[in-house]
Amino acid sequence: MTAADRFFWLLLLLALVCYLLPWVVTPAAGLTMGAVDLAEWASLHPAVRAAPPPLLTSFLLRLPPVLLALVIASRPAIRRWLCALVVLLIAVALLPPLEFLTQYQDDLNYRQQFALALLALSGGTVGLIGRFARYRQHASSVLTLAAAGAALWGFGQTYVLLADFHVPLRVGVGVIGFAACCLALSVLDWLPVRLKTNRVARA
């Protein structure tokens, strides 16, 4: 594994950690939330449920780890089984409560969680078997950029909803760190392709 690869995996790990850190900080401990809690909180807001398409804000906040799972699958390290394990853990973390299978099959919020977990697992499986290996770098760059965009879009919508409660709000380190890591990952993937293009043009 090259130094660039090690840096890539370090940034990817930091992005996952930042996803779990606080994204919104308030004096009220109950409203200091990371992306997972923000998505759940937004799913209960009447405006989010009524807006077309419903639960878009929650979807945007839950989509980034799905995209990172696809990135992990498309760029397996030396130990492919480790990548598969991380993808599986992300998919499991996205699953709705067990009540979805017994009582609440029609709940839109639970359906969204289940669909995203299935997307992470199925997309990760396709990536791990190497069907799209030739597009690895381009796909990875686009996916990390999309993860940053979805995170910032969903966070912005949630921040506006929280501001309506007139409580002091502060942007948490989680959303800043997550977006920064994803942008750095996208640049890290795009840069070698750009340098190679420039060398070919000069030849």
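Everything numeric here is computed off the predicted structure, so don't read it as measured data. Below, each value reflects all heavy atoms present in this structure, side chains not excepted, and no hydrogens, waters or symmetry copies.
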(request) Measure the CZ-CG distance between F7 and L11 for me, rounded to the nearest 0.5 Å. (result) 4.0 Å
(message) Nearest 0.5 angstrom please: L116 CG to I90 CD1, how far?
(response) 12.5 Å
(request) Keeping the roles fixed (side chain from S58, backbone from A39), state whether a donor-acceptor pair exists under 3.5 Å. (result) yes
(request) State plainly whether one hydrophobic cluster holds both M33 and L21, where clusters connect Ile, Leu, Val, Met, Phe, Trp and Tyr through side-chain heavy atoms under 4.5 angstrom apart. (result) no
(request) Could you grab the distance from atom CG of L13 to atom CG of L68, nearest 0.5 Å is fine? (result) 11.0 Å
(message) So does L44 get a backbone contact from the side chain of R49, meaning a donor-acceptor N/O pair under 3.5 Å?
(response) no
(message) Donor-acceptor pair, distance only, cut-off 3.5 Å: does the side chain of W23 make one with the backbone of V36?
(response) no
(message) Applying a strict under-4.5 Å side-chain criterion to I, L, V, M, F, W and Y, I'd like to know whether L20 and V24 cluster together.
(response) yes
(message) To the closest 0.5 Å, what do you measure between SG (C182) and OH (Y19)?
(response) 11.0 Å
(request) Would you give the length of the straight line joining atom CD1 of I72 to atom OG of S140, rounded to the nearest 0.5 angstrom? (result) 10.0 Å
(message) Under a 3.5 Å distance rule, please check whether S186 uses its side chain to pair with a backbone N or O of L183 as donor and acceptor.
(response) no
(message) If you count every heavy atom of other residues, nucleotides or ligands that lies below 6.0 Å from L98 atom CG, does the total exceed 12?
(response) no
(message) Could you measure the distance from the OG1 atom of T158 to the CG atom of L169? Nearest 0.5 Å is fine.
(response) 11.0 Å
(request) Verify, without hydrogens or angle tests, whether T32 (side chain) and T26 (backbone) share a donor-acceptor contact under 3.5 angstrom. (result) yes
(request) Give a yes or no on whether L56 and V48 share a hydrophobic cluster (residues Ile, Leu, Val, Met, Phe, Trp, Tyr; joining criterion: side-chain heavy atoms under 4.5 Å apart). (result) yes
(request) For the pair R62 (side chain) and L94 (backbone), establish whether a donor and an acceptor sit closer than 3.5 Å, ignoring hydrogens and angles. (result) no
(request) Mind running side chain to side chain contact (heavy atoms under 4.5 Å, CB included) on T102 and E99 for me, showing each step along the way? (result) CA-CA 5 Å; T102 58; E99 288 80 5; 4.3 Å; yes
